[in-house]
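Numbered from 1 within each chain, the chains take letters A, B, ... in sequence-line order.
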2 protein chains.
Amino acid sequence: MISNATRSLSVTDHLRESILSGGLPAGTKLQEVRLSEELGVSRTPIRAALQTLSAAGLLDYAPNRGYVVREFPISELVDAYEIRGALEGLAARFTAERGLGDNQRLVIGQSLTKGRDILTASDLMNDHVLAIIGETNASFHDTIMEASLNRLLSQMAQMSFQIPRVSNRNIIAFSLDELRQRHDEHYLIYEALLARSATKAETLMRDHVASIKFAAVRALRETR
Amino acid sequence: MISNATRSLSVTDHLRESILSGGLPAGTKLQEVRLSEELGVSRTPIRAALQTLSAAGLLDYAPNRGYVVREFPISELVDAYEIRGALEGLAARFTAERGLGDNQRLVIGQSLTKGRDILTASDLMNDHVLAIIGETNASFHDTIMEASLNRLLSQMAQMSFQIPRVSNRNIIAFSLDELRQRHDEHYLIYEALLARSATKAETLMRDHVASIKFAAVRALRETR
DNA sequence: CAATTTGAAAATGTATACAAAATTAATTGA
DNA sequence: TCAATTAATTTTGTATACATTTTCAAATTG
């Protein structure tokens, strides 16, 4: 399978995870020999990982001076949701224009059913519900992005996720009622996609992401 | 200066240019030893460049199988302008909300004056006019992107430019009259930014990029 | 003759040695 | 004592050797 995501799998992923989780806070200097000793590999794969993460925007780089975990201002974190809204809105529009594939329609349909079932059955929030909802949610958004048939868009959307503390479920704390609202929005978007209503799909998706943003911002304020 | 753009400067830039200009068409296998011989450096900087360009989305990569110049469908090329419109629209909104810095206001003001002067003085298109307009145009868009104070956004916008045959001036053939229209749009956007009208600035910018898209698509059809 | 296996060639992945630059420590001078 | 210069150390940049994987062609087998 051809892709540009797979690489020095373990090293790159390990460092990325450390940065996104906050284990390597902003300003941390990432030195090659030190990392190579810690991770038990030579400098070569370390360098590859640093270059990849720098290109992904997680590290600052200066020639002959190395890599530093970059700062992520709160403002930028909020902006990331605006960007996501714009990009996913475009993805919804493209998908409506181009139409869902049979398999994609099936995947989204199933994830919606699964989400509805768990949301009607449960009266309270727990890890099980959150896991299912997180899964179906990711499936919904990923499938639409994929159906947009635009690699640039997919790549950018992925980038907008790779910001510390915005990794999907970590911070966002929805109430059960809010989850039901988000589910309903998913359903409306799905209908717009099936009806090939491009503008409607885009608008609904933008508003949907905006709703998610509000919850994320609220959760962020509560945390601090 | 800290950035993540500067790197194996020459090699990366050389390969990128070759890809964007079409010198290395889609499907071309980029082999490390071959490139290292051609460019007169070892495999190490070649690998760094390939990894960077892969992360930038210009190359496909498969582990143990190397890098290939990826395909850029026409549809994606058109979509790139939609994405640019959304991103630059957001940049305009953020900039209106946050306000232009003194220097940024000056830069844009001067580029607008310069553009107006050349567009009123000239009766016909020539390389000189095109060069000036291209310069002032880039200055306008870059400054707004910079003023948005969002690195993620800037990074994505830059990516949306790095697609073969969409490198700004190459294909786009405006008439003098159209250039004047684009200039007027620039001016209206500038006014909206000064007035801190966020929504207006975003809408105007989106429409402006859409106008550019139309010309690009038209030029593309004429070329083929 | 077609399909599979096998082996040589070539390509990528990793480790390491050396070069160049930057950082830090030490020395010198007033 | 403090500033500037110099030396030593550390760190990144590059080249190259070796390991592993893939590729491709020749040979074997049915």
Side-chain angles (χ1 to χ4, degrees), chain A residues 1-19 23-71 151 155, chain B residues 1-19 23-71 151 155:
Chain A
M1 178 223 181
I2 288 178
S3 84
N4 59 320
T6 320
R7 200 181 308 277
S8 320
L9 217 66
S10 59
V11 176
T12 305
D13 289 352
H14 180 266
L15 286 178
R16 193 204 320 271
E17 205 50 45
S18 295
I19 295 167
L24 294 171
T28 306
K29 259 201 88 171
L30 297 185
Q31 303 185 114
E32 301 174 2
V33 284
R34 182 185 167 79
L35 288 173
S36 75
E37 286 165 1
E38 279 182 23
L39 302 182
V41 294
S42 80
R43 278 178 56 209
T44 309
I46 298 287
R47 281 179 69 82
L50 293 177
Q51 283 162 349
T52 298
L53 295 175
S54 171
L58 292 176
L59 304 176
D60 281 326
Y61 167 79
N64 291 309
R65 299 183 61 175
Y67 299 84
V68 177
V69 178
R70 91 164 171 97
E71 201 81 37
R151 271 189 58 166
Q155 199 180 348
Chain B
M1 179 223 180
I2 289 177
S3 83
N4 58 320
T6 320
R7 202 180 305 277
S8 320
L9 219 64
S10 59
V11 177
T12 305
D13 290 351
H14 179 266
L15 287 178
R16 193 204 319 273
E17 206 50 47
S18 295
I19 296 168
L24 293 172
T28 306
K29 256 201 92 170
L30 298 184
Q31 300 183 346
E32 301 175 2
V33 284
R34 181 184 167 80
L35 288 174
S36 76
E37 286 164 2
E38 280 182 24
L39 302 181
V41 293
S42 79
R43 278 178 57 207
T44 309
I46 298 287
R47 281 179 68 81
L50 293 178
Q51 282 160 352
T52 297
L53 295 175
S54 170
L58 291 176
L59 303 177
D60 280 326
Y61 167 79
N64 292 310
R65 300 185 58 177
Y67 299 85
V68 177
V69 178
R70 91 163 169 97
E71 200 82 36
R151 271 189 57 169
Q155 199 180 347

#### Entry: Separation of atom CD1 in I46(B) from atom C1' in dG13(D), rounded to whole Å
14 Å
### Task
Check whether any side-chain heavy atom of I19(B) sits under 4.5 Å from a side-chain heavy atom of L59(B), and report yes or no.
yes
### Query
Is there a side-chain contact between D60(B) and R151(A), using heavy atoms and a 4.5 Å cut-off?
yes
### Query
Taking side chain as C-beta onward, heavy atoms only, is I46(A) less than 4.5 Å from V11(A)?
yes
### Query
Whole-Å distance between dA11(C) C1' and R65(B) CZ?
12 Å
### Query
Once you round it to whole Å, what is the distance between P of dT14(D) and CG of L50(B)?
14 Å
### Query
When you measure from every atom of DNA chain C, which of residues 36-43 of chain A have a heavy atom less than 4.0 Å away?
V41(A), S42(A), R43(A)
### Task
Find the distance between CZ (R16(A)) and CG (L24(A)) and round it off to the nearest 0.5 Å.
13.0 Å
### Task
Please identify each residue that fulfils side-chain hydrogen bond (donor to acceptor under 3.5 Å, both in side chains) with Q31(B), with sequence neighbours left out.
none
## Note on the structure
Note: for K29(A) and K29(B) on DNA chain D, the residue whose nearest nucleotide lies more 5' is K29(A)
Pairs under 3.5 angstrom, nitrogen or oxygen only, protein versus nucleotides 19-21 of chain D, please.
none

### Task
Check whether any side-chain heavy atom of L58(B) sits under 4.5 Å from a side-chain heavy atom of R70(B), and report yes or no.
no
### Query
Which whole-number value in Å describes the distance from E32(A) CD to dT14(D) C1'?
12 Å
#### Entry: Minimum-distance nucleotide to T44(B) side chain [options: dA15(D), dT11(D), dT12(C)]
dA15(D)
### Task
Specify the separation, in whole Å, of atom CG of L59(A) and atom P of dT12(D).
12 Å
### Query
In whole angstroms, how far is the P atom of dT16(D) from the CZ atom of R47(B)?
16 Å
### Query
Do the side chains of Q51(B) and Y67(B) get nearer than 4.5 Å, heavy atoms only?
yes
#### Entry: Protein-nucleotide distance (Y67(B), atom OH; dT12(C), atom C1'), rounded to Å
9 Å
### Task
Could you check how far CG of L35(B) sits from P of dA11(C), rounded to whole Å?
11 Å
### Message
What I'd like to find out is whether the side chain of L50(B) reaches to under 4.5 Å of the side chain of L35(B), using heavy atoms alone.
### Response
yes
### Task
Check A55(B) against Q155(A) and note the closest heavy-atom contact, atom names and distance.
O-NE2, 2.8 Å
### Query
Within the structure shown, what part of the strands sits under 4.0 Å from L30(B) by heavy-atom distance: base, sugar-phosphate, or nothing?
sugar-phosphate
